[in-house]
There are 2 protein chains.
Amino acid sequence: MPEQENRYREKLLERGLKVTRQRLALLAALNQSDTPLTAEELFMRLRKDFATLSLSTIYRTLDTLCGKQMVARSVLMDGGRAMFEMTPEVHCHNLICTVCHRIVPIQDCPLGAYEDSIARTTGYKISGHKLEVYGICPQCRNNFKPRE
Amino acid sequence: MPEQENRYREKLLERGLKVTRQRLALLAALNQSDTPLTAEELFMRLRKDFATLSLSTIYRTLDTLCGKQMVARSVLMDGGRAMFEMTPEVHCHNLICTVCHRIVPIQDCPLGAYEDSIARTTGYKISGHKLEVYGICPQCRNNFKPRE
DNA sequence: GTCTTTGCAAATCATTTGCATGGAA
DNA sequence: TTCCATGCAAATGATTTGCAAAGAC
């Protein structure tokens, strides 16, 4: 998918960053994943293509890309490990299964009016929010359903 | 405030935990704080009363109390450090100033209906959610207000 | 007295940093 | 050629664990 790659190339250059194979691969990996990933997970995925890849490169790249708003540090913390995802173009939230830990995005967000009302009552200038919803996904519900 | 202490005493016993001075002190410290605290912060506060207190006791106690739902691990992560707070009796969320990092609780929560609708569209059994709202508090807005 | 909790020290895990080399512009 | 980016190894910082002593019931 070289179109996608060219978009990343442009975005990197726009932000004064050099285009490297590692950065392109990291962006592609994050983009292909449907859930946020830890540095370690990214490392394992990229290592297939980069025999000499270093974990610290992953950390540094994530840090750089977060600073340039190309990647977002997720609210989620998988037991002390930071998780990362592409900065979503559209505002959305994550729905997390508490059993299998699968994460799916949900588009609908009801918080605009809520933010307005908080701004009014507290005097804060609201800049945004983070929301996660927890539950049990249909598959896990079936697996653990008590017999009747 | 021995009334409060007796409530903690009961709660610990109910859950099959022994009542120790460290646990009571930790609960009191968390309860007195108006913002979530890190293990380190708790350690520094308790050390005043316990010369020989160990950081690992803090971690272990927090872990135990989280398991028993007496303490909650906050969504917030102050740069990699976990934060803890008393499990709120009433459902509420945190409003966080992005400048001074002050955290204030907000009671009002509009997500009940939202959870219902997600449950309907996704088939998940929703168990809860975490929400943080970010903004700039009135004081910080004044401090940084550009002159006109 | 028994079993849990604590303190201390050492271990572990995620993340960061220093420095020399390699690579993009 | 000029820096920025990378790899490697070592350092750091938060959290966890093993073990023996102290404390709660």
Side-chain angles (χ1 to χ4, degrees), chain A residues 5-6 8-27 29 36-68 70-71 73-84, chain B residues 5-6 8-27 29 36-68 70-71 73-84:
Chain A
E5 185 176 310
N6 280 330
Y8 295 144
R9 202 177 283 277
E10 274 177 40
K11 286 202 168 193
L12 288 168
L13 291 171
E14 279 170 12
R15 281 147 231 248
L17 299 175
K18 305 213 160 154
V19 176
T20 68
R21 297 192 309 137
Q22 291 88 331
R23 283 173 179 176
L24 291 175
L26 188 149
L27 287 166
L37 298 175
T38 65
E40 188 78 29
E41 286 166 339
L42 279 165
F43 178 62
M44 293 189 300
R45 294 183 188 207
L46 298 207
R47 200 165 37 180
K48 282 162 187 146
D49 304 307
F50 299 86
T52 82
L53 181 68
S54 164
L55 228 197
S56 50
T57 298
I58 301 285
Y59 279 108
R60 271 191 282 230
T61 303
L62 286 170
D63 213 50
T64 305
L65 297 180
C66 281
K68 301 290 187 179
M70 292 182 67
V71 168
R73 201 175 288 265
S74 165
V75 212
L76 296 165
M77 282 281 209
D78 170 24
R81 265 151 301 208
M83 305 195 79
F84 300 86
Chain B
E5 184 175 310
N6 278 331
Y8 295 145
R9 201 176 284 277
E10 274 177 41
K11 287 202 167 192
L12 288 168
L13 291 172
E14 277 169 15
R15 282 148 231 247
L17 298 175
K18 305 218 157 148
V19 176
T20 68
R21 297 193 309 139
Q22 292 88 330
R23 284 173 177 174
L24 291 174
L26 189 149
L27 287 167
L37 298 174
T38 65
E40 187 77 28
E41 286 166 339
L42 279 165
F43 177 62
M44 294 191 299
R45 294 182 190 208
L46 296 209
R47 198 166 37 180
K48 283 162 186 143
D49 303 308
F50 298 86
T52 83
L53 181 67
S54 163
L55 229 196
S56 51
T57 297
I58 301 285
Y59 279 108
R60 271 190 284 228
T61 303
L62 286 170
D63 213 49
T64 304
L65 297 179
C66 282
K68 300 292 188 180
M70 293 183 66
V71 167
R73 202 175 287 265
S74 165
V75 210
L76 296 164
M77 281 281 208
D78 169 25
R81 263 150 302 206
M83 305 194 78
F84 300 84

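Below, each value reflects all heavy atoms present in this structure, side chains not excepted, and no hydrogens, waters or symmetry copies.
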Between [N] ([atom2]) and [X] ([atom1]): distance, integer Å:
X	N	atom1	atom2	result
B/Lys68	C/dT4	NZ	C1'	12 Å
B/Arg73	D/dT16	CZ	C1'	12 Å
B/Phe43	D/dA14	CZ	P	13 Å
B/Glu41	D/dT15	CD	C1'	16 Å
B/Leu65	C/dT4	CG	P	16 Å
A/Leu55	C/dT17	CG	P	15 Å
A/Arg81	C/dT12	CZ	P	16 Å
B/Leu37	D/dT15	CG	P	13 Å

Under-4.0 Å side-chain N/O to phosphate OP1/OP2 contact, [X] with [N]:
X	N	answer
B/Thr57	C/dG7	yes
B/Tyr59	D/dT16	no
B/Ser56	D/dT16	no
A/Thr64	D/dA5	no
A/Arg23	D/dA5	yes
A/Thr52	D/dT6	no

Residues B/Gln22, B/Leu46; criterion side chain to side chain contact (heavy atoms under 4.5 Å, CB included); working and verdict
CA-CA 8 Å; B/Gln22 292 88 330; B/Leu46 296 209; 5.5 Å; no

The residue among A/Leu42, A/Leu26, A/Ile58 that forms side-chain contact (heavy atoms from CB on, under 4.5 Å) with A/Leu37 is A/Leu42

Report yes if some heavy atom in the side chain of B/Leu12 is under 4.5 Å from a heavy atom in the side chain of B/Leu24; otherwise report no.
yes

On DNA chain C, compare the nucleotides closest to B/Ser54 and A/Thr20; which residue's is nearer the 5' end?
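In this pair, the answer is B/Ser54.
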
Among the nucleotides [options], which one has an atom lying closest to any side-chain atom of [X]?
X	options	value
A/Gln22	D/dG18, D/dC25, D/dG7	D/dG7
B/Ala82	D/dC25, C/dT15, D/dT15	D/dT15
B/Lys18	D/dT15, C/dC8, D/dA24	D/dA24

Nearest-nucleotide comparison on DNA chain D, the residue closer to the 5′ end among B/Asp63 and A/Thr61
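The residue mapped nearer the 5' terminus is A/Thr61.
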
Please check if atom CZ in B/Arg21 has more than 12 non-hydrogen atoms from other residues, nucleotides or ligands closer than 6.0 Å.
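Counting neighbours around CZ of B/Arg21, 12 or fewer heavy atoms of other residues, nucleotides or ligands fall under 6.0 Å, so no.
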
Are the side chain of B/Arg15 and the backbone N or O of B/Lys68 linked by a donor-acceptor pair below 3.5 Å?
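Yes, B/Arg15 side chain to B/Lys68 backbone: donor-acceptor pair under 3.5 Å.
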
Test: A/Glu41 and A/Arg45 ion pair at under 4.0 Å
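Between A/Arg45 and A/Glu41 there is no salt bridge, as every charged N stays at least 4.0 Å from the carboxylate O atoms.
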
Return yes if the base of C/dG7 and the side-chain atoms of B/Arg60 contain a donor-acceptor N/O pair under 3.5 Å, otherwise no.
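Such a pair is found, so the answer is yes.
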
Counting any heavy atom closer than 4.0 Å, what does A/Leu13 reach on the DNA or RNA strands: base, sugar-phosphate only, or nothing?
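Touches sugar-phosphate only.
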
